[in-house]
Asker: 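What follows is a structure written as structure tokens; I'll ask about it next.
Start at 1 with the first residue, then count along the sequence.
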Amino acid sequence: MSIFVIVGVIAVLLALALLHFLKKPKVPERYKVTQDIDPYKIGINEIDRMEDGKDFEIYLCKMFNCLGYSDAYKTQDSRDFGADLVFTDREGYRNVLQAKRYAVTNPVGLNAVQEVYSSMRFYRAKKSIVITSNKYTTSCEQLASYNGVKLLDRNDLIKMIELFKEQQHSKVKDIIEAEPYLSLDSWDDYRNKDKIVKKDRKAEKLVASGN
């Protein structure tokens with residue numbers, strides 16, 4: 001084999017290697033949600049390709065209406081006070097829900113629990129839920145467990161979608177309405193009469209003076 005053939009083969013191999021190195025990875029096409037979407041045609045892959053969290057909220061609202069939550073509605077995009085969806089469950093309790101469509105490398109943190117919990121009074125809700133296409137940080141799970149906030153993660157969402165597509169609506173509702181995990185904490189320490197409770201003297205003076 002001549003030197004020219006060898007050089008030619010090496011050049012071709014180097015060119016192919018360089019082309020492979022420079023080739024950009026294919027970016028999945030975005031999935032755009034419209035108001036007339038069919039939630040039965042959407043799976044976790046479509047959710048991962050949605051434009052933003054608003055698309056995820058629209059999808060969940062459509063799903064909840066199909067499940068029979070006739071009063072389910074999506075809150076306004078601005079000034080939602082921490083809730084993305086409001087609905088009444090089978091026991092007659094109003095629920096507030098916050099939806100988080102996050103990348104798999106970005107777990108949901110404390111803010112989600114803080115926001116949805118604080119929105120309960122505004123919407124006169126009895127229960128609060130966070131649902132995500134990802135997972136939660138440990139601190140988020142801890143705060144939720146002390147405040148009775150229901151957390152539904154990616155695995156729960158996938159299970160809900162599977163049952164929903166199979167028309168097993170009652171089982172989807174069972175997942176949504178299941179009692180949240182609670183960290184039982186005794187209030188005895190807070191009621192201990194031997195403990196000295198520091199009072200806000202400045203506030204007491206203002207109350208006494210009528211200001």
Side-chain angles (χ1 to χ4, degrees), residues 31 33 37 39-69 71-77 80-91 93-120 122-123 125-166 168-182:
Y31 184 87
V33 170
I37 63 165
Y40 289 100
K41 295 181 179 180
I42 295 179
I44 194 64
N45 291 330
E46 286 74 25
I47 291 173
D48 287 338
R49 293 190 288 112
M50 287 178 177
E51 290 283 346
D52 53 36
K54 297 294 184 297
D55 288 347
F56 187 39
E57 295 167 17
I58 294 173
Y59 162 71
L60 288 176
C61 188
K62 292 287 185 180
M63 173 193 270
F64 275 55
N65 277 286
C66 289
L67 288 171
Y69 294 121
D71 67 336
Y73 69 91
K74 182 182 175 302
T75 61
Q76 60 186 13
D77 292 340
D80 61 16
F81 296 98
D84 299 317
L85 188 69
V86 181
F87 70 97
T88 302
D89 62 28
R90 289 173 292 184
E91 294 184 355
Y93 294 122
R94 181 173 293 173
N95 289 244
V96 284
L97 181 148
Q98 187 169 110
K100 292 293 186 184
R101 193 202 68 83
Y102 279 11
V104 293
T105 57
N106 185 20
V108 179
L110 286 172
N111 286 348
V113 171
Q114 294 169 337
E115 291 170 4
V116 76
Y117 184 78
S118 65
S119 76
M120 291 174 65
F122 179 81
Y123 291 101
K126 181 74 172 180
K127 300 179 181 180
S128 54
I129 304 170
V130 182
I131 184 168
T132 182
S133 58
N134 192 7
K135 59 183 180 179
Y136 300 95
T137 62
T138 301
S139 57
C140 178
E141 292 175 340
Q142 288 177 336
L143 184 63
S145 71
Y146 278 102
N147 289 280
V149 177
K150 174 75 176 178
L151 298 183
L152 296 170
D153 62 15
R154 186 179 182 87
N155 292 332
D156 296 317
L157 178 60
I158 291 173
K159 186 62 177 178
M160 287 169 56
I161 293 171
E162 291 173 350
L163 293 171
F164 179 69
K165 289 185 175 183
E166 294 170 0
Q168 299 191 50
H169 291 181
S170 62
K171 290 186 177 181
V172 180
K173 288 182 177 180
D174 288 342
I175 295 174
I176 296 170
E177 300 176 20
E179 289 298 316
Y181 172 76
L182 290 174

Asker: CD1/I37 to CD/E46 distance, rounded to the nearest 0.5 angstrom?
Answerer: 10.5 Å
Asker: Applying ring-ring contact (aromatic ring centres under 6.0 Å, His included) between F64 and each of F87, Y59, Y73, F164, report the one that passes.
Answerer: F87
Asker: Measure from the ring center of Y123 to the ring center of F81 and say whether it is less than 6.0 Å.
Answerer: no
Asker: Within a strict 4.5 Å, meaning less than it, do heavy atoms of the V86 and R94 side chains meet?
Answerer: yes
Asker: Do T88 and D71 get their side chains close enough for a donor-acceptor pair, meaning under 3.5 Å?
Answerer: yes
Asker: Show the nearest heavy-atom pair for residues K150 and E179, with the distance to one decimal.
Answerer: NZ-O, 3.8 Å
Asker: Mind listing the closest non-hydrogen atom pair of F56 and L157 along with its distance?
Answerer: CZ-CD2, 3.9 Å
Asker: Just by distance, do the side chain of Y136 and the backbone of V130 share a donor-acceptor pair under 3.5 Å?
Answerer: yes
Asker: Please evaluate residues Y69 and K173 with respect to the criterion side chain to side chain contact (heavy atoms under 4.5 Å, CB included), reporting the C-alpha separation (whole Å), side-chain torsions for both, the decisive distance (0.1 Å), and the verdict.
Answerer: CA-CA 10 Å; Y69 294 121; K173 288 182 177 180; 3.2 Å; yes
Asker: Dump the intermediate steps for side chain to side chain contact (heavy atoms under 4.5 Å, CB included) on L163 and I175, then the final yes or no.
Answerer: CA-CA 10 Å; L163 293 171; I175 295 174; 3.9 Å; yes
Asker: Which atoms form the tightest heavy-atom contact between K127 and D89, and what is the distance?
Answerer: NZ-OD2, 3.4 Å
Asker: Could you tell me which non-hydrogen atom of G148 sits nearest to which non-hydrogen atom of P180, and how far apart they are?
Answerer: O-CG, 3.4 Å
Asker: What's the spacing between M63 CE and H169 NE2 if we round to 0.5 Å?
Answerer: 8.5 Å
Asker: Does any non-hydrogen side-chain atom of V116 lie less than 4.5 Å from one of L97?
Answerer: no
Asker: Tell me, do I131 and M160 make a side-chain contact under 4.5 Å, heavy atoms counted?
Answerer: yes
Asker: Just wondering, more than 12 heavy atoms not from Y40 lying within 6.0 Å of its OH?
Answerer: yes
Asker: Might you work through the side chain to side chain contact (heavy atoms under 4.5 Å, CB included) test for E115 and D80, ending with a clear yes or no?
Answerer: CA-CA 10 Å; E115 291 170 4; D80 61 16; over 6 Å; no
Asker: Is it true that, when you exclude K165 itself, more than 12 heavy atoms of the residues, nucleotides or ligands shown sit nearer than 6.0 Å to its NZ?
Answerer: yes
Asker: With rounding to the nearest 0.5 angstrom, report the CD1 to CG distance, I158 to D153.
Answerer: 9.0 Å
Asker: Kindly compute the distance separating CD (E177) from CZ (R90), expressed to the nearest 0.5 Å.
Answerer: 4.0 Å
Asker: Specify the closest pair of heavy atoms between E57 and A99, including all atoms of both residues, with the distance to one decimal.
Answerer: CG-CB, 4.1 Å
Asker: Set out, in order, the CA-CA distance, both residues' side-chain angles and the distance that settles side chain to side chain contact (heavy atoms under 4.5 Å, CB included) for I47 and I161, then state yes or no.
Answerer: CA-CA 11 Å; I47 291 173; I161 293 171; 3.7 Å; yes
Asker: How about Q114 and N111: do any of their side-chain heavy atoms sit closer than 4.5 Å?
Answerer: yes
Asker: Would you call P107 and N134 a side-chain contact if the rule is heavy atoms closer than 4.5 Å?
Answerer: yes
Asker: Would you call D48 and R154 a salt bridge, using N to O less than 4.0 angstrom?
Answerer: yes
Asker: Quick one: pull up CG in L110 and CG in L143 and give me the separation to the nearest 0.5 Å.
Answerer: 5.5 Å
Asker: Nearest 0.5 Å, please: how far is CG in L151 from OG in S145?
Answerer: 8.5 Å
Asker: Looking at D174 and K159, is there a salt bridge between them, counting it only when a charged N and a carboxylate O are closer than 4.0 Å?
Answerer: no
Asker: For a quick test of reading the model, state the closest non-hydrogen atom pair linking V108 to K100 and the distance between them.
Answerer: CG2-CB, 3.8 Å
Asker: Against D84, only a single residue in Q98, K54, Q76 fulfils side chain to side chain contact (heavy atoms under 4.5 Å, CB included); can you say which?
Answerer: Q98
Asker: Under the 3.5 angstrom rule, does the side chain of T137 hit a backbone N or O of C140 as a donor-acceptor pair?
Answerer: yes
Asker: Backbone N or O of V104 within a donor-acceptor pair of the N106 side chain at under 3.5 Å?
Answerer: no
Asker: Using modelled atom types and a 3.5 Å cut-off, is there a donor and acceptor pairing between side-chain atoms of R101 and backbone atoms of S133?
Answerer: no
